[in-house]
Amino acid sequence: MLDALRRTVPDSIARADHIIAISEATRQDVINLYGASPEKVSVILQGVAGRFHARCDDAEAAAIRRKYGLPDAPLILTVGTLQPRKNHLRLVQAFAQMTPLHREPPVMVIAGGQGWGYEPVMHEVQRLKLADRVIFTGRIDDDDLPALYRAATIFAYPALYEGFGLPALEAMACGVPVVASKASSLPEVVGDAGVLIDPLDIGALSSTLDYLLS
């Protein structure tokens, strides 16, 4: 996959009359990494479908919990294929460091396909003895995403790199408090509507989760 991209992307950029980037961060990558002329690259930001703005009733929330085996507890949700750039490993480590005194102990829900970062995250969950508090749902049906976001107490997205970061925008549209990385394109997406943290700072991520949960 990566080899194919290395072969095709430079040629595609060279042949294109104009390039549309989905964030300013991506635009700068195209310019700086591939030598594209700044005048040749424009930004058109992404948006979310109207279904993410609709309200969720109690029955829908209960149904989504049953479907994916989620307990009746505060949920810290993250959505995305398990790849190293998604930073799931540090997210699990931050979850392990959270204050154990919350009235209702939270459960972490990692929703998405396994990808090539699945096994290290699973091993870390086992090492930290969190198997009963971290749920891997696997791939989520697209129609279920709005209800899953709304079932969450917090949406966590500490990615190291994102071309745009659509899940953070979807979660905000659903009214869920968001903590996200201050790296790459995510500050453009989240702005001042969520909490931005250093994705390498596990302590800051953990304390922010504690703060939002309380």
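The shown structure was predicted, so the numbers you read here are calculated from the model rather than taken from an experiment.
A 4.5 Å side-chain heavy-atom check between Val179 and Leu212 finds at least one atom pair inside the cut-off. Taking 4.5 Å as the limit, every side-chain heavy atom of Tyr161 sits out of range of all side-chain heavy atoms of Ser181. A 4.5 Å side-chain heavy-atom check between Ile154 and Leu77 finds every atom pair outside the cut-off. Two residues are said to be in side-chain contact when any heavy atoms from C-beta on lie closer than 4.5 Å; Tyr149 and Val79 meet this criterion. Between Tyr118 and Trp116 the shortest side-chain heavy-atom distance does not fall below 4.5 Å. Within the 4.5 Å cutoff, no side-chain heavy atoms of Thr153 are placed close to those of Val176. Proximity of Phe155 to Pro167: side-chain heavy atoms (C-beta onward) are separated by under 4.5 Å at one or more points. A heavy-atom distance below 4.5 Å is not found between the side chains of Val178 and Val195.
Shown here for Gly191 and Leu196, the closest heavy-atom pair between the two residues is O-CD1, 3.9 Å. In plain terms, the two heavy atoms of Arg55 and Glu60 that are nearest each other are O-OE1, 4.2 Å. Here the closest heavy-atom approach between residue Leu213 and residue Pro106 is recorded as CD2-CG, 3.6 Å. Looking at every heavy atom in both residues, Gly69 comes nearest to Ile135 through O-CD1, 3.7 Å. Nearest heavy atoms, Leu45 versus Ser23: CD2-CA, 3.9 Å. Between Arg90 and Pro199, the closest heavy-atom pair is CD-O, 3.4 Å.
The backbone N or O of Phe164 sits less than 3.5 Å from a side-chain atom of Ser185, completing a donor-acceptor pair. Judged by distance alone, the side chain of Lys40 and the main-chain N or O of Ile31 form no donor-acceptor pair under 3.5 Å. When atom types are taken as modelled, the side chain of Arg65 and the backbone of Ala151 share a donor-acceptor pair closer than 3.5 angstrom. Not a single donor-acceptor pair under 3.5 Å links the side chain of Thr26 to the backbone N or O of Ile22. Between the side chain of Arg27 and the backbone N or O of Val43, no donor-acceptor pair lies under 3.5 Å. Using a distance-only test at 3.5 Å, with no hydrogens or angles considered, a donor-acceptor pair links the side chain of Asn32 to the main chain of Gln28. Side-chain atoms of Thr137 never come within 3.5 Å of backbone atoms of Tyr68 as a donor-acceptor pair (strictly under, hydrogens ignored). The closest donor-acceptor contact from the side chain of Thr78 to the backbone of Ala156 lies under 3.5 Å.
Going from atom CG of Asn87 over to atom CD of Gln93 covers 9.0 Å, rounded to the nearest 0.5 Å. Between Cys174 atom SG and Arg150 atom CZ the span is 4.0 Å, to the nearest 0.5 Å. Tyr34 contributes atom OH, which lies 10.0 Å from atom OG of Ser12 (distance to the nearest 0.5 angstrom). Distance check: Glu119 CD to Gln114 CD gives 8.0 Å after rounding to the nearest 0.5 Å.
Cluster note: Ile44 groups with Ile20 through ILVMFWY side-chain heavy atoms spaced under 4.5 Å, whether in direct contact or through intervening members. As a member of the Ile/Leu/Val/Met/Phe/Trp/Tyr network built from side-chain separations under 4.5 Å, Leu160 groups with Leu200.
The cluster map of Ile, Leu, Val, Met, Phe, Trp and Tyr, joined by side-chain heavy atoms under 4.5 Å apart, puts Leu148 and Met172 in the same cluster. Residues Leu70 and Ile76 fall into different hydrophobic clusters, defined by Ile, Leu, Val, Met, Phe, Trp and Tyr side chains chained together at heavy-atom separations under 4.5 Å. Connection of Leu75 to Leu145 is established within a shared hydrophobic cluster, with ILVMFWY side chains joined at heavy-atom distances below 4.5 Å, either directly or through further cluster members. The hydrophobic cluster containing Tyr157 does not contain Leu205, counting ILVMFWY residues as joined when their side-chain heavy atoms lie under 4.5 angstrom apart, directly or transitively. Phe95 is connected to Val125 through a chain of hydrophobic side-chain contacts under 4.5 Å among Ile, Leu, Val, Met, Phe, Trp and Tyr, so both are in one cluster.
Pairs of residues two or more places apart, or lying in two chains, that qualify as salt bridge (Lys or Arg N to Asp or Glu O under 4.0 Å) and include a residue from residues 125-137 are Glu124-Arg127. The salt bridge (Lys or Arg N to Asp or Glu O under 4.0 Å) pairs that include a residue from residues 177-206 number zero, where partners must be two or more places apart or lie in different chains. The stretch residues 203-214 participates, sequence neighbours left out, in no salt bridge (Lys or Arg N to Asp or Glu O under 4.0 Å) pair at all.
A donor-acceptor pair shorter than 3.5 Å cannot be found between the side chains of Thr81 and Gln83.
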Only distances under 3.5 Å count here; give the side-chain donor-acceptor pairs of residues 46-54 to other protein atoms, sequence neighbours excluded, each with its distance to 0.1 Å.
residue, atom, partner, partner atom, Å
Arg51, NH1, Asp142, O, 3.1
Arg51, NH2, Asp142, OD2, 2.9

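A salt bridge is absent between Asp11 and Arg7; no separation between the charged side-chain nitrogens and carboxylate oxygens falls under 4.0 Å.
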